[in-house]
Structures are given as C-alpha cells and as structure tokens.
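Input: a single structure, listed below in structure tokens.
Chain letters run A, B, ... following the sequence lines, proteins first and then strands; every chain starts at 1.
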There are 4 protein chains.
Amino acid sequence: MRILVWNENVHESRGDEVVLENYPHGIHAAVAEGLRERLGDAADVTTATLQDPAHGLTEEALAATDVLFWWGHVAHDQVADDAALRVVRHVQAGMGLVVLHSGHYSKVFTRLMGTTCSLAWRNDGERELVWTIAPEHPIARGVPHPIVIERQEMYGEYFDIPTPDESVFLSTFAGGEVFRSGVAYRRGLGRVFYFSPGDQEYPVYHHPDIRQVLANAAEWAAPRGERRQLTADMHPRGWFER
Amino acid sequence: MRILVWNENVHESRGDEVVLENYPHGIHAAVAEGLRERLGDAADVTTATLQDPAHGLTEEALAATDVLFWWGHVAHDQVADDAALRVVRHVQAGMGLVVLHSGHYSKVFTRLMGTTCSLAWRNDGERELVWTIAPEHPIARGVPHPIVIERQEMYGEYFDIPTPDESVFLSTFAGGEVFRSGVAYRRGLGRVFYFSPGDQEYPVYHHPDIRQVLANAAEWAAPRGERRQLTADMHPRGWFER
Amino acid sequence: MRILVWNENVHESRGDEVVLENYPHGIHAAVAEGLRERLGDAADVTTATLQDPAHGLTEEALAATDVLFWWGHVAHDQVADDAALRVVRHVQAGMGLVVLHSGHYSKVFTRLMGTTCSLAWRNDGERELVWTIAPEHPIARGVPHPIVIERQEMYGEYFDIPTPDESVFLSTFAGGEVFRSGVAYRRGLGRVFYFSPGDQEYPVYHHPDIRQVLANAAEWAAPRGERRQLTADMHPRGWFER
Amino acid sequence: MRILVWNENVHESRGDEVVLENYPHGIHAAVAEGLRERLGDAADVTTATLQDPAHGLTEEALAATDVLFWWGHVAHDQVADDAALRVVRHVQAGMGLVVLHSGHYSKVFTRLMGTTCSLAWRNDGERELVWTIAPEHPIARGVPHPIVIERQEMYGEYFDIPTPDESVFLSTFAGGEVFRSGVAYRRGLGRVFYFSPGDQEYPVYHHPDIRQVLANAAEWAAPRGERRQLTADMHPRGWFER
C-alpha cells in the first residue's frame, strides 16, 4: 500500500511555536510516522506539502498513490484548482482519500461532497470523546469506546455533509456539543473517510488510538482493483448479442 | 389524522409516586395532551393501555389509527405476541409508528428493526442536549439547536439499531455520552420514528420542545395513501402484454 | 410554489426538426405546461434558457425560485461557471432542484454529486419501463407500476452517482439494460431529484405519467423553511451558559 | 473460514425429477461445491438440512460457523422457531448470513429485515441479466457486467425490503421486470447478503459467475472479530472517571 500524506505545512513554515512544539517536523511527519508505526512493511509512506512543485500532487505522484491523507487549514485557497481536480479525479477512479480535521473545508473534500461542509467550532482545548457507532466496521477495530482525547478543539453540528454511506464515530465535547467525527463515503471507485480529531494546537496525531484509526482508515480506503476513469466510453454499447 | 397513544401504564398502575407526580393521569395522557395542544383540530387523539382488553390493540383499533405512539418499559413481555404482530403488520401496511424512550426494547420495535436494540444507560438525572443533524427534516421543524432537557436518564451508544434511513437528532449527556436519539425508518408502506427523550421519572413530555417534536413526528409518520397488505398477490403476474 | 424550468434550448434554436416536432416551443415549454396542468394555481411556473442574459439564472431569479428544473444536453460547457455555482449555492441553501435526463452531465449536478455522473447509453428508440421501488414515496404517487414509455433512449448502468438518499424508480429497457432512473438526495438544506426519462427525440414530456412524476417531484423538492446560507457564522459559539 | 450451507432439501427428498436433474445431491451440495471450488483451502464448507436433528442448527453448530448460507422454498414454516431465533441471534452477534433466492420468505430473513419481504414472481424460464451497480464492492469482484443467466424464474419489484445498506446488483428479465437482486445489510455485528439468482428448476448454482458471487459474499460476510451478544450488560456504566 502506497500512502501519500499531504499537509499544507503553513503553520509550520511560519514558525508557529505552539504547532512546532507539537509537530517539530510538521503535521505530515507525525501522521506518516504513525502510519509507519502501525502498518510497518505493509505500507510505503511518503509526504508532500503545498510548497512542493505542483504541491507534490502531480499526475505521476497521484497515479503512484493508493491512499492520500489530506491536512489543510489556512491555505485551502492556495491549492491550485488543477491540482485539486486531479485529486478528485483520482479518487473517482479508485484512489482512497482520508481527510483530516480542518480539511473539511478543502477544495478536494467540498468538491467530492457537493455541500458546504461548514460546521460549528470553538477552541477551548477541552476533552473530546470519540464513540464508536459501528462496532463491526474495520475502521473502528482495536480502539476503546470511547477514545479519550484530553485537549482538543471543538467541532460541532450542524456539519453540512451529505448523509454518510457509513457512520463510524460520533464525538462529544466537554461543553456538550456533538459531531459526526468519522464518516465514510464512496465516490465512483474511490473511498473517502473524514476523521475530525487532529488540530495543529494539540498533539492529537501522537495519540495511540488516533494512530490506530488512521492506520485502519488507510487499509479500508485502499483500492481493491485497478484504477480507471469512469467514462461513457467504458460502457460498450453492444454488450451482448441483441 | 387519527392518533392512538399507547402506554403500558404499569408504573402508574402500581402507584409509583415519582411517576405519578410527573404524570398524574399516566404518561399516555401527557403525550396525548401535548399532541392535542400542538395539532389542534387536525388530530383526533385517543389512548390505550396494556390493561385494556387486547391491550386496546384490536384489528379494529389499529385499522382506525394513522399514527401509533408507543411507550413501554417494564412490561414488554406482557404484551401478547398476537397484539405485537398486529401492530407490526399494520406498520408494514402503512400505519405510522412513533416509539418512545424505553420502547426501544418493545416487541414491536425489535421486530421491525431486526436487531437487539440494546443500548447503554445510566440514570443520574442529568442534562441532555438534543442536537439537530437534519435541519431541513420536517421532524426538526421549530425546535432550538440544541433542545435542552435539564434532567434526564442517559441513553448511550452503542445503540444496536440498523443504519437509519434518516438521522434527525443526536443527544449528548452531561457525563459525556452520545446517543442517536431521533432516527427514522421505512418498513413496507409504514414510517417508523424512534425518539429517546422521555422517562417516567422526569417530566419530559411536558417540555414544549419535546411536544413540538412529537407533533412533527405524527405529521411525518402519517400515511400518504391507502393501507394495504404487501403480498405476492398484489403483484399481477401479467402486468403488460407479453 | 415558484417553479423555474431551465433549458439549454440548443436543439430547438438550431432548428432540429425531430426535436421541434416533439417540442415546437422548446422542451422547457412542454415541461412547464405539464407542471401547470398538474399543479394548477398551486404553482407559478416560468422558464429560462441558456440564451437569456446570465442564462436567466441571476441571483434575483434564483432567490425567487422554490424549485428549479434543469434540462441540458450538448451545451453543458456553455453554462458560465458563476451561474452554475449560483445554482449550487441556492440548492445548498434550500432551493429544490429537479435534474432531467441528459442533465446528469451538467455542471450543477456533477458539482452537487461529487462523482462523474457518467452512464451507459444507446439510442434505439425502444421501450422503457419505469418501476416504483418506493411505493410510499410522494414522488411515486399516482403512477402505474410500471410506467410504460414506448420509445426512449436507453440510459444504463453503471451510473456513477453517490448512493442515493432515496431510490424511487428503476428503469428497464427492451434491450435488457437497467438504470436507476429516479433518485433523491439532500444537499445542505436543499433537495435534489434526478429523473432520467425525457429526451429531445421522443415526446416523453407529453406523457401523462411522466408529467405526474414531475409535478410530484416539484412538491417534494420545494423548501419547507427559509432559505439560508449554511456558514460557520450561523453557529453561535456561546449557544448555552457554560 | 467455516461455512455452513443450509438447505430445506424438500424438493430433493420428495424426488422431484427436475430438481434432481439439476442438483442430484441436493442444492446444498452444489452450493458447497462451488464455494470449495472458489475458496479452496481458505474455507471449511459443511452442509445441513431441515431433516437433520434440530435442522443441523444447534448452538454448537452455529457457534462453529462464520458464514451461513440459507436456501429454503416450500418448508419455511417447518423450520422450528427456536432454530430460526438461534440463527438470528448468531447473526446479531457477528455470524455472516447469505440468503439465497426463495429464502427471502424464510423466518430468519424476514425476522432480520422487519418487512414482509414479499415480491413479484413469474416462472417462465427466461433470461436474467445481473448488472453491477457498485463496481468497487468486493462482492462484485471478478464478474462480468452483466452476468447472463439463460434460464431463470423471474423475481420482480416491488420487493418489500428495508432500504439496503449497500446495493450491489440489479437484475432485469426478458419480460421487462427489474429486481434488486444483490443487497447487503448490517444487523448488529453481523453482515447479511441477499442474492436472488438460484432456483430449484434451473442449474444456476453451477454457473461460474454465480459461484464467484457466492464466494465473494462469503468473504465479505465473514466476521472480522469475536462473536459476542450485544446486551446492555456489555456497556459498563462507569466507563470513565466522572
């Protein structure tokens, strides 16, 4: 399984001290480290950032990716349209996509969902509990019920997403809010998982249970067959003797 | 719209003081009162209890019911199988059903769901917040986000239900738990709504927002057409010239 | 209910004889006529085309529209991006949308779905049967099972759409193909219905059962509440005393 | 993977010549043979019939089964209630279930669905085409689009089932009818797949593509974790420090 972890890497590039304390080599490095830790030799994990040529999202890079992880926050608009559309097309053709936290507002996620993906938020560094509502789902394998994250930003409903194909996790916050924090979709031949825990100000991607979820999500999202563009051309008009 | 509110009426018959303080004429009376208050002349609301002949669930009674509300708790086993099956068949044939709170374990609900309908619970009389996750859904019309219930029993995940056809509400509790508190299903020609707020120990059915939800649910669950049994016989074998 | 029927109107403008024979005043006129016929005074039906200034899809026009019908075929690319995005935003804010036939490839539909919306097709003018698989759904009210369309273009699977929120109709064709011909979605506060029967070469929009479906779809898709943009700003951070 | 193929085995026991010509050792033997052929050493396949003590569905037998295949037709009523309920409970606790053809009316399937599971039918031995509408679904792996079955009984809509969690196949028939022929559900910790092709009068279970689907279905339905009863007791009341 070839995994590409993408990060806008803007907080880190700017030298934001809180973020660098949590993620001295960037959020992408911590996510990649967690995936390597859990998946071992089963995965080849690389990273790319907004600052790379073509954001590291060339046709070649995407064609060589089974599952793409996406973290973005303040620079969604700086992602070039053609790069975002390449990602969307590769998902539709079979590439897996795991969208993290503030990636809900990214071009790739909003384009795949067809909704605003807006949500409520409040950053008071409080406890988040992540409850499993699909105990047999492979993405929930091996994590406690609930996962306890001591300090997190609150993301709350109403979360403007389409009805999920599969709902895996619900989060509550100390303030009383609720959020659909783990939701899964099919888009064409590709699988998409959105997972909200993870913020630049808190060391969430070092949390062992969160790392387990991300590794599970990679395995779930990986394509089962060949990547192929779904076009009218793929449907032979004379499919059987008539 | 003809509504029948059914209550096992066992806590009340036993003379449970806490329950009678909240519901001096029975839970069914409070639910019926709320429906009359909100729906006015648009609804003809009657009640029935476990103690009535055939539990008040005769073929005639059900045939004259558009929407059945169901409250049960300690006496699920005392509901006769044939009465429960009559209800199930009428739902499949088009009657609406609104299942309340501990009715999750009733014969009618578990039979319509096909799952155990088990859940986590803890009764500490604490605050429940009911959040809307389907803002355009008719059952969520006219209620705040969130509905605040000061004292309630906690119902929590994992709630063993099928994936809902429509998810309308999520509840959180002061202890941090979460629950899918408002979920909708189609079963044959009938619509089923499960709504968890409401317990014999707390005056939840006097809460104006809860009354609004129940009135909305009645309107949503009411059949749009004739009631009819779905059987193979209804499918003419020679539906067109062949 | 204010309905706007939009048509690219290119076949008609070009003077295509077959099309003009079926639709002498344009496809939009036939669709609008059917809606007026069935909805009577309950609906105010107007039309707009690609050739109108701003395609007739100004902010003002959309703000005054409850349900938009969309027919397009050969000129999807000629719809200006900003017009298409205005439609998408109005749907997300509550406007109903009914997408017809070859509109599956329109900017507005593909953007709301997040998939390619590709499908198989074959135009041999053969019989299409439209079967109801949701007999209690309001969009299926009053139509036979199946609806018989004597001559139609074949649209077939695989249809690259997200899993529908509600599946209402399935079509079969004389050649043996199958198609998910009536599918419903929620996107934000708006409802979207795609209905495939209807082609410029066949007089499908004069078919009484098809007219019934379109009128039903308008009633189903009409917004229940105020139109409002879903943004983070709408979620007050201090929603209750903390 | 331990697979148990169950067959009522009544047509065969009676000596029905047409059935015995297709299935000289019983339908269960042909299904089991196909599974062994495709799954090889990965599966341990056994069979049981209605005529076995306790129908071969003892607590011990079910506890030792990962995936149960179910074929029944004329003897649904002869399956003892307690045997059917044992199956239902094992599915809810994690056992996979694949229901075949006329098993739609079995006690186990109707109980897990909560609907009548009625359908239209017509037996004229005509061509069935099985179209894939979920090309990335593991159950559709390796089969053509469509699968062509030369002679089959027609099963048609309306099929009275709950909205599927996943819709994999749609069938059309030479007469023009349509059927949701491959549908998947979760019930508690268990997975359920219904697949309609297969009738005692036609040699469908010898068809290589049908055998591929059944093998795929076994792999999909097999449990991912331990089997466990979902009860309120499994939810510790004091799950975290409060």
Identified salt bridge (Lys or Arg N to Asp or Glu O under 4.0 Å) partner of C:Glu136 from the options B:Arg228, B:Arg227, B:Arg191: B:Arg191
Interface residues of residues 178-190 of chain B facing chain C - heavy atom cut-off under 4.5 Å: B:Arg186, B:Gly188, B:Leu189
B:Pro223 portion near chain C, given a 4.5 angstrom heavy-atom threshold: neither
All side-chain contact (heavy atoms from CB on, under 4.5 Å) counterparts of C:Ala84, not counting sequence neighbours: C:Val79, C:Lys107, C:Val108
Residue B:Arg141 versus chain C: region with a heavy atom under 4.5 Å: neither
More than 12 heavy atoms of other groups within 6.0 Å of C:Arg151 CZ: no
Chain B contact via C:Pro144 - side chain, backbone, both or neither, heavy atoms under 4.5 Å: neither
